[in-house]
Participant: 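Mind looking over this structure? Questions follow.
Only a predicted model underlies this, so the values are computations on that prediction, with no experimental measurement involved. Note: hydrogens, waters and symmetry copies are ignored here, and every other heavy atom, side chains too, is used. Sequential numbering from 1 along the given sequence is applied to the chain's residues.
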Amino acid sequence: MKFKSKFIIVILLVIIVQFMSLGVPISKGEDEMSLAMKSGQSFLDECPDFQGATLIEPKIFQNLSGENIAYMYNVVKKGQPLGFIVVGNSAYEYNVLEATVSPLLLSIPSISEVKAQIVRDLQISIEEKDVENPRLVYLGYGSYYAIYTIKGNSIAFDLRNRHALPISVLKNHIVAPEQYKHQKGDVQLSVTEKISLPVPVRNMNDPLIPDDMQNNNNCGPTSAAMIAEYYKIYRGYSRFDNWPNDHNRLYVLMKCNNWWGGAGVAPWNAGPGFVNYASEKGYSFGSSWNGASYDDFNNIKISIQLNQPLMVLFWGGAPYRSWHYCAVRGYFIYNTSKWIYINDPWGYPAYVDWDANWDYVTLHWLFPDY
């Protein structure tokens, strides 16, 4: 009997070793990553901007509490970078939470880059040997960080903006899994319900913009300029300026960097600034703004159906200083998730799961008075 037991144990060990050598996932984490990757690939196959693309370089992202919540994949097509997507874990039903069409893949910084940014941004002197492997954190649309513990300090490295900041200022704005499931419901919706307006994509760091306006806080006037150009090109508002003159005037009228120590555009100045710009050109526009609620997706749909793009303000990172404006150009529904198309002022279009990313968001409605 003892011999039989030992023999069975040996056989089991051999099977486990063979599975490991074949690369077959046997842990829960590996199973989750496989399911997330399958879900992400299905999303790519359905999305016109991503068809024919594949996922590479999976990275596990956590929340601020250290719990794994999402997987990020770079996206390539025929060997060329196409962007990246974020897929939620099982708590988010392996749904894609956001997808970005960008020629730049998201990368972890080198040790030398981390050291240089910490010295520049935080004035903390460190040695490269003090920099250990980080944990990765996802806080909602556009908010991806590498978190380092250096000399007892928790320091965040913004993977998109490439700068360092204290972890204490970070704010989570992805909805909790329970809230996400409650909002989504169980009804399977069709992907055929979609509208995308041809709003031009502009970059807030375009070298055509004057140096004193090109300072990474001008996402507000950049988003508003994209909307103005849409009205100029596709709605007959011919007196609106061309890029970047429209941006430069909106920068002034939206009072960009003239409040709270130079922190971008205040929410109460965004819409009125656009209205004043339109008035200077002889057009009558109205505006309103509010903190978004889940039901606002229907209002976004109505605005887009009326051929009226709008602006969204994501509260990423620290209050005020790290807020980020984008132009909303459309919407679509994929499975049980409601999505908005946006033009990000960093120079690329993106898709955002409204069910996951609406928390801590302000919507800015810009509409012509007929």
Participant: Go through the steps to decide whether Ile209 and Asn218 satisfy the test side chain to side chain contact (heavy atoms under 4.5 Å, CB included), and finish with yes or no.
Facilitator: CA-CA 10 Å; Ile209 299 173; Asn218 55 318; 3.9 Å; yes

Participant: Nearest 0.5 Å, what's the OG-CG distance between Ser287 and Leu366?
Facilitator: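 Spacing of OG (Ser287) from CG (Leu366) equals 6.5 Å.
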
Participant: Check the hydrophobic clustering (I, L, V, M, F, W, Y; side-chain heavy atoms under 4.5 Å; chains of links allowed) and say if Tyr71 and Leu105 are grouped together.
Facilitator: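 Unlinked, Tyr71 and Leu105 end up in two clusters.
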
Participant: Before we go on, tell me: are the rings of Phe332 and Tyr351 under 6.0 Å apart, centre to centre?
Facilitator: yes

Participant: Salt-bridge test for Asp241 and Lys232: reply yes if a basic N is under 4.0 Å from a carboxylate O, no otherwise.
Facilitator: no

Participant: Taking Ile195 as the starting point, is it possible to reach Val201 by hopping between hydrophobic residues whose side chains are less than 4.5 Å apart?
Facilitator: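 Different clusters.
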
Participant: For residues Ile227 and Trp243: do they belong to one hydrophobic cluster (side chain heavy atoms under 4.5 Å, members Ile, Leu, Val, Met, Phe, Trp, Tyr)?
Facilitator: no

Participant: Decide side chain to side chain donor-acceptor pair (under 3.5 Å) for Asn172 and Tyr360; before the verdict, give the C-alpha distance in whole Å, the side-chain angles of both, and the deciding distance to 0.1 Å.
Facilitator: CA-CA 9 Å; Asn172 179 66; Tyr360 303 111; over 6 Å; no

Participant: Assess whether side chain to side chain donor-acceptor pair (under 3.5 Å) is satisfied between Asn290 and Asp296, documenting all intermediate values.
Facilitator: CA-CA 10 Å; Asn290 64 276; Asp296 271 323; 3.2 Å; yes

Participant: Evaluate the side chain to side chain contact (heavy atoms under 4.5 Å, CB included) criterion for residues His163 and Phe157: first the C-alpha distance (whole Å), next the side-chain angles of each, then the deciding distance (0.1 Å), finally the verdict.
Facilitator: CA-CA 6 Å; His163 64 80; Phe157 186 96; over 6 Å; no

Participant: Is it the case that the side chain of Asp246 and the backbone of Arg249 share a donor-acceptor pair, with hydrogens and angles ignored and the cut-off at 3.5 Å?
Facilitator: no

Participant: Angle class for the Tyr141/Phe314 ring planes (parallel below 30°, perpendicular above 60°, tilted otherwise)?
Facilitator: tilted

Participant: What distance separates Leu208 CG from His247 NE2, expressed to the nearest 0.5 Å?
Facilitator: 11.0 Å

Participant: Out of Trp339, Tyr94, Tyr73, which one pairs with Phe43 under the ring pair (Phe, Tyr, Trp, His ring centres under 6.0 Å) rule?
Facilitator: Trp339

Participant: Looking at Ser125, is its backbone amide N or carbonyl O close enough to the side chain of Lys151 to form a donor-acceptor pair, meaning the two atoms are under 3.5 Å apart?
Facilitator: yes

Participant: Same cluster for Leu139 and Val169 if Ile/Leu/Val/Met/Phe/Trp/Tyr side chains link at under 4.5 Å?
Facilitator: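 Hydrophobic grouping puts Leu139 with Val169.
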
Participant: Which residue, Glu98, Arg160, Lys59, forms the side-chain hydrogen bond (donor to acceptor under 3.5 Å, both in side chains) with Tyr144?
Facilitator: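 Among Glu98, Arg160, Lys59, the one that satisfies the side-chain hydrogen bond (donor to acceptor under 3.5 Å, both in side chains) with Tyr144 is Glu98.
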
Participant: Please name the residue in the list Asp353, Asn357, Asp355 that meets the side-chain hydrogen bond (donor to acceptor under 3.5 Å, both in side chains) test with Tyr180.
Facilitator: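 Checked Asp353, Asn357, Asp355 against Tyr180; only one passes side-chain hydrogen bond (donor to acceptor under 3.5 Å, both in side chains): Asp353.
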
Participant: Does the plane of the ring in Phe297 sit parallel, tilted or perpendicular to the ring in Trp354? Use 30° and 60° as the thresholds.
Facilitator: tilted

Participant: Are Phe285 and Tyr237 near enough that their ring centres are under 6.0 Å apart?
Facilitator: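 Yes; Tyr237 has its ring centre under 6.0 Å from that of Phe285.
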
Participant: For Val96 and Val87, run side chain to side chain contact (heavy atoms under 4.5 Å, CB included): C-alpha distance rounded to whole Å, both residues' side-chain angles, the deciding distance at 0.1 Å, then the answer.
Facilitator: CA-CA 4 Å; Val96 176; Val87 183; 4.1 Å; yes

Participant: Is the distance between the ring centroids of His364 and Phe274 under 6.0 Å?
Facilitator: no

Participant: Give the intermediate values and the outcome of side chain to side chain donor-acceptor pair (under 3.5 Å) for residues Asp45 and Gln41.
Facilitator: CA-CA 6 Å; Asp45 295 341; Gln41 188 62 55; 3.2 Å; yes

Participant: Would you say Gln183 and Gln179 are linked by a side-chain donor-acceptor pair, where the criterion is simply a distance under 3.5 Å?
Facilitator: yes

Participant: Can you tell me how the ring of Tyr231 sits relative to the ring of Phe240, calling it parallel under 30°, perpendicular over 60° and tilted otherwise?
Facilitator: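 Answer is perpendicular, since the angle exceeds 60°.
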
Participant: Side-chain contact, heavy-atom cut-off 4.5 Å: Asn307 with Tyr230?
Facilitator: yes

Participant: Please determine whether side chain to side chain donor-acceptor pair (under 3.5 Å) holds for the pair Gln214 and Tyr251, giving the CA-CA distance in whole Å, both sets of side-chain angles, and the decisive distance to 0.1 Å.
Facilitator: CA-CA 10 Å; Gln214 191 189 135; Tyr251 186 99; over 6 Å; no

Participant: Look at the side chain of Asn63 and the backbone N and O of Glu67, then say whether any donor-acceptor pair between them is shorter than 3.5 Å.
Facilitator: yes

Participant: Can a donor-acceptor pair be found, under 3.5 Å and without considering hydrogens, that links the side chain of Arg202 to the backbone of Thr222?
Facilitator: no

Participant: Roughly how far apart are Leu122 CG and Ile155 CD1, rounded to 0.5 Å?
Facilitator: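 It comes to 5.5 Å.
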
Participant: Report whether Phe61 and Ile56 are members of the same hydrophobic cluster (ILVMFWY, side-chain heavy atoms less than 4.5 Å apart, transitive linking).
Facilitator: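 As far as the 4.5 Å side-chain criterion goes, Ile56 and Phe61 are not connected within one cluster.
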
Participant: Would you please test Trp323 and Cys219 for side chain to side chain contact (heavy atoms under 4.5 Å, CB included) and show each step?
Facilitator: CA-CA 9 Å; Trp323 286 6; Cys219 55; over 6 Å; no

Participant: Let me confirm one number: the CZ-CD distance from Arg235 to Gln308, rounded to the nearest 0.5 Å.
Facilitator: 6.5 Å

Participant: Within this structure, what is the CG-CE distance for the pair Asn248 and Met213, rounded to the nearest 0.5 Å?
Facilitator: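 Here the rounded value is 4.5 Å.
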
Participant: With rounding to the nearest 0.5 angstrom, report the OH to OH distance, Tyr277 to Tyr283.
Facilitator: 9.5 Å

Participant: Judged by atom type as modelled, is there a donor-acceptor pair below 3.5 Å linking the side chain of Asn89 to the main-chain atoms of Asn68?
Facilitator: yes

